[in-house]
Student: 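Starting off with a structure, shown below.
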Amino acid sequence: MTPSEGAPVNVEIVSFGYLHAAPPAAHLTLDLRSHFRDPHVSPELRYLTAEDEPVRHAVLATPGIVPLITATLLAVDAFAAGPGGGDLVIAMGCQGGRHRAATVARTLSLLLTGGGHTVTLHHRDLHKAVVNR
């Protein structure tokens, strides 16, 4: 993964869980539910969150996640290059908002900040109770 190299832009990143409420309004929304392994299915990870290293490791080791983060960095460059300007909102959701979405949001935030962008990160559902399913 490489940091974004486009013109600096203000980026708001919101992670969320689809099982808690509707997705927030955003310019770009990533739905991580169907295509990427859910750490919730592992009993040892179920009650942890993206604040815990084992969850972050499991999510970032999932095939396809790193290329998705890289593609999202490129999308930020594309939005920044457009004539509209203004802030950019990126939302990413998974089932509960505690594992996949929060990890990808955190990683994207770190990379964009390292690339010179101003980033606000908000985990809407990270600290909500585990959804039994």
Side-chain angles (χ1 to χ4, degrees):
M1 293 179 286
T2 58
S4 177
E5 297 176 4
V9 65
N10 294 324
V11 181
E12 178 184 356
I13 300 173
V14 183
S15 71
F16 67 95
Y18 283 93
L19 295 175
H20 293 289
H27 297 95
L28 177 64
T29 301
L30 303 177
D31 183 344
L32 305 174
R33 293 177 292 179
S34 298
H35 300 287
F36 303 103
R37 180 175 17 100
D38 187 355
H40 178 90
V41 301
S42 299
E44 67 275 9
L45 299 177
R46 182 170 300 147
Y47 294 96
L48 300 178
T49 72
E51 293 175 336
D52 299 298
E53 179 58 34
V55 168
R56 292 193 305 271
H57 177 76
V59 171
L60 293 174
T62 301
I65 287 289
V66 170
L68 179 64
I69 292 169
T70 301
T72 306
L73 292 171
L74 292 172
V76 170
D77 284 346
F79 278 101
D87 296 347
L88 176 62
V89 180
I90 302 173
M92 52 210 58
C94 57
Q95 294 289 42
R98 297 169 48 89
H99 301 110
R100 293 169 289 182
T103 296
V104 171
R106 177 184 183 275
T107 303
L108 187 62
S109 173
L110 292 170
L111 292 169
L112 288 170
T113 299
H117 298 286
T118 301
V119 179
T120 303
L121 176 61
H122 174 66
H123 297 295
R124 187 185 80 182
D125 302 322
L126 180 69
H127 295 291
K128 291 188 178 174
V130 171
V131 177
N132 292 317
R133 43 191 159 110

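Computed from a predicted model, the values in this text were never measured in an experiment.
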Student: With side chains defined as the heavy atoms from C-beta onward, is the minimum distance between L108 and V11 less than 4.5 Å?
Tutor: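 The answer is no; the side chains never approach within 4.5 Å.
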Student: L112 versus I13: any side-chain heavy-atom pair under 4.5 Å?
Tutor: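 Heavy-atom side-chain distance check passes, below 4.5 Å.
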Student: Are V131 and Q95 side-chain neighbours, meaning at least one heavy-atom pair lies under 4.5 Å?
Tutor: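 Not in contact.
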Student: Once side-chain contact (heavy atoms from CB on, under 4.5 Å) is applied, do any residues pair with P23, and if so which ones, sequence neighbours excluded?
Tutor: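 Testing P23 for side-chain contact (heavy atoms from CB on, under 4.5 Å), a comparison that skips the adjacent residues, returns F16, Y18.
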Student: Determine whether T49 and V55 satisfy the following criterion, side chain to side chain contact (heavy atoms under 4.5 Å, CB included), listing intermediate values before the conclusion.
Tutor: CA-CA 6 Å; T49 72; V55 168; 5.9 Å; no
Student: Among L111, L30, V104, which one satisfies side chain to side chain contact (heavy atoms under 4.5 Å, CB included) with T72?
Tutor: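 Looking at L111, L30, V104, the match for T72 under the side chain to side chain contact (heavy atoms under 4.5 Å, CB included) is L30.
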Student: Is there side-chain contact between T113 and L110, with at least one heavy-atom pair below 4.5 Å?
Tutor: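 The answer is no, as the side chains (C-beta and beyond) never meet within the 4.5 Å cut-off.
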Student: State whether the side chain of H35 and the backbone N or O of G64 hold a donor-acceptor pair below 3.5 Å, judged by distance alone.
Tutor: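 Side chain of H35 to backbone of G64, a donor-acceptor pair under 3.5 Å: no, none is there.
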Student: Check whether any side-chain N or O of R124 sits under 3.5 Å from a backbone N or O of A21 as a donor-acceptor pair, and report yes or no.
Tutor: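 The answer is yes, because a donor-acceptor pair under 3.5 Å joins these two groups.
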Student: I'd like to know if the side chain of D125 and the backbone of G97 have a donor-acceptor N/O pair within less than 3.5 Å.
Tutor: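 No, because the side chain of D125 does not come within donor-acceptor range (under 3.5 Å) of the backbone of G97.
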Student: Please answer: with hydrophobic residues joined when any side-chain heavy atoms are less than 4.5 Å apart, are V14 and F36 in the same cluster?
Tutor: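 Different hydrophobic clusters.
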Student: Hey, could you give me each pair passing salt bridge (charged side-chain N to carboxylate O under 4.0 Å, His left out) that has a residue in residues 7-35? Not counting sequence neighbours.
Tutor: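 Salt bridge (charged side-chain N to carboxylate O under 4.0 Å, His left out) check on residues 7-35 returns D31-R33.
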Student: Can you pull the salt bridge (charged side-chain N to carboxylate O under 4.0 Å, His left out) pairs that have at least one residue in residues 82-111, sequence neighbours excluded?
Tutor: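 Pairs touching residues 82-111 that pass the test: D38-R100.
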